[in-house]
Structure formats: structure tokens, C-alpha cells
Amino acid sequence: MAPISEQEIHNRCERLVYEFLQLLEGEQAKTADLFTEDGQAFRYVGRERIREHFAEIAAVDDNLNVLLCSNLLIDVDDEDHARATNYVTHYVADRQDEGLTDPEGARIGGELDTARSITRWFWEFRRVDDEWLVSKIGYPEPVLLRKDVIDDL
């Protein structure tokens, strides 16, 4: 494998986090493509089991989900391994006919004025055949929920 700078490793891992969260907003099963073959997402091990898990969620979740990432800290362990933590603020709303637009102007429904949760995520990354992939996402730390959001669940 070709040598790679620490900054390039950082950039590639950062991009994986953002791609994962973007896919969770709409194409959840595709998140599996960002994992190593033996990757782990929470308690699900292996790329195909991860794909099945997220496809099952997508099949029953017709909400509008928006995930905001902040405080992303990436530590490069060596030229083939890195770790990260970040906070994810999760907004969710029932779909409606009228409402919001995405950055390209397409209409999406729902109201997103109150975050459902804020969690801290843990990531591990590994370079495989010169490609950076997620090797593990640990369970987020305890969820912070607003009382008025909990009452609506």
C-alpha cells in the first residue's frame, strides 16, 4: 500500500462519518458499503448483517430524519488505523405534504424544530487494500432527550 499522510487519513475518515450519517437520512442499508467485511455496527457484525439491520429500520421508518454532526475528533493510530468520536443531533418528524426543502430545493415534509436526541458516537477505521472503511461503530453514549420530546414518543 502506498504511504499516506496523517492529514489524508483524517480527511478520509471524516468523509466516512459524513457519508454514513447522510445515508442514515434516507438510504440506510447502503451504510453497509462503508464497512469492512468484518465490520461491526453496534451489535451487528459483518457487512451483510449490517445491511440487513439498516434495511429493516428503513422498511418501518417513514419519518423525516436529519442528523447533524459536531465535535468530530479523529485520532490517527498508524497508517492503517484511526479512531474518532463525534456528537450527533437527531431531528425527526412525520412526513407531511407541505414543508421544508432540501439544499437543492426539493420539498420534504415535517417540522424539525426540536431535536429528538443528542448522542456521542465512537468510530474505528481501517485501511483495506488502500481504501479507508469503518471497522466499528460502538453504541452511542447515553442519549440526551428533552422531556417534551419523550412525552411525544
Side-chain angles (χ1 to χ4, degrees), residues 9-77 81-128 131-153:
I9 294 170
H10 182 278
N11 292 344
R12 290 184 186 185
C13 294
E14 179 180 33
R15 186 72 193 142
L16 282 169
V17 170
Y18 292 144
E19 286 179 40
F20 180 88
L21 294 173
Q22 184 177 22
L23 287 170
L24 276 186
E25 291 181 0
E27 300 176 280
Q28 295 181 22
K30 288 185 179 182
T31 60
D33 298 331
L34 304 177
F35 283 83
T36 59
E37 283 294 330
D38 63 345
Q40 180 178 349
F42 318 117
R43 69 175 185 256
Y44 305 99
V45 178
R47 188 180 286 158
E48 291 312 309
R49 183 60 189 112
I50 293 167
R51 186 180 320 282
E52 291 169 10
H53 167 68
F54 284 111
E56 290 168 4
I57 292 172
V60 298
D61 182 10
D62 190 39
N63 291 323
L64 172 64
N65 292 286
V66 175
L67 302 164
L68 301 177
C69 175
S70 65
N71 298 56
L72 177 58
L73 299 173
I74 298 171
D75 293 312
V76 176
D77 295 329
H81 300 88
R83 293 171 287 114
T85 60
N86 71 303
Y87 287 92
V88 174
T89 304
H90 180 199
Y91 291 87
V92 64
D94 293 331
R95 294 193 182 274
Q96 299 173 355
D97 291 333
E98 301 293 323
L100 306 169
T101 60
D102 69 16
E104 284 82 38
R107 289 172 43 154
I108 53 177
E111 293 184 22
L112 300 171
D113 57 350
T114 304
R116 173 174 280 183
S117 65
I118 302 171
T119 55
R120 185 170 183 226
W121 292 47
F122 300 92
W123 305 78
E124 293 179 16
F125 308 96
R126 188 170 72 226
R127 183 165 68 152
V128 178
E131 179 181 13
W132 280 88
L133 298 166
V134 178
S135 58
K136 183 177 182 179
I137 297 177
Y139 274 105
E141 284 187 350
V143 178
L144 306 173
L145 293 171
R146 290 178 43 158
K147 183 180 179 341
D148 57 332
V149 174
I150 293 172
D151 290 344
D152 288 341
L153 295 179

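All values below come from the heavy atoms of this structure, side chains included, with hydrogens, waters and symmetry mates left out. It should be emphasised that the depicted structure is a prediction, and the values quoted were computed from it without experimental measurement.
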Review point. Any side-chain heavy atom of Phe122 within less than 4.5 Å of one from Thr85?
Key: yes
Practice item. List for me each residue that meets salt bridge (Lys or Arg N to Asp or Glu O under 4.0 Å) alongside Arg12, sequence neighbours excluded, and say none if there are none. Key: Glu8
Practice item. Report yes if the side chains of Leu16 and Trp132 come closer than 4.5 Å at any heavy-atom pair, otherwise no. Key: yes
Check your understanding: What pairs with Asp38 under side chain to side chain donor-acceptor pair (under 3.5 Å), at least two apart in sequence or on another chain?
Key -> Thr36, Arg126
Point to revise | All side chain to side chain donor-acceptor pair (under 3.5 Å) counterparts of Gln22, not counting sequence neighbours | key: none
**Study point:** Residues in side-chain contact (heavy atoms from CB on, under 4.5 Å) contact with Asp33, at least two apart in sequence or another chain
**Key:** Lys30, Arg51
Exercise for review: Sequence neighbours left out, what passes side-chain contact (heavy atoms from CB on, under 4.5 Å) with Tyr18? Give chain and number order.
Suggested key: Glu14, Arg15, Cys69, Leu72
**Study point:** Set of residues satisfying side chain to side chain donor-acceptor pair (under 3.5 Å) with respect to Arg47, sequence neighbours excluded
**Key:** Glu37
Exercise for review: Please identify each residue that fulfils side chain to side chain donor-acceptor pair (under 3.5 Å) with His81, with sequence neighbours left out.
Suggested key: Asp78
Exercise for review: List in chain and number order the residues that pass ring-ring contact (aromatic ring centres under 6.0 Å, His included) with His53, two or more places apart in sequence or in another chain; answer none if no residue qualifies.
Suggested key: Tyr44
Exercise for review: Check whether any side-chain N or O of Thr31 sits under 3.5 Å from a backbone N or O of Phe20 as a donor-acceptor pair, and report yes or no.
Suggested key: no
Check your understanding: Is there side-chain contact between Phe54 and Leu23, with heavy atoms separated by less than 4.5 Å?
Key -> no
Exercise for review: Please identify each residue that fulfils side-chain contact (heavy atoms from CB on, under 4.5 Å) with Val88, with sequence neighbours left out.
Suggested key: Leu21, Leu67, Asn86, Thr119, Trp121
Check your understanding: Residues two or more places apart in sequence or in another chain: which of them pass side-chain contact (heavy atoms from CB on, under 4.5 Å) with Thr89?
Key -> Leu68, Tyr91, Ala115, Ile118
Review point. Salt bridge (Lys or Arg N to Asp or Glu O under 4.0 Å) with Lys136: which residues, sequence neighbours excluded?
Key: none
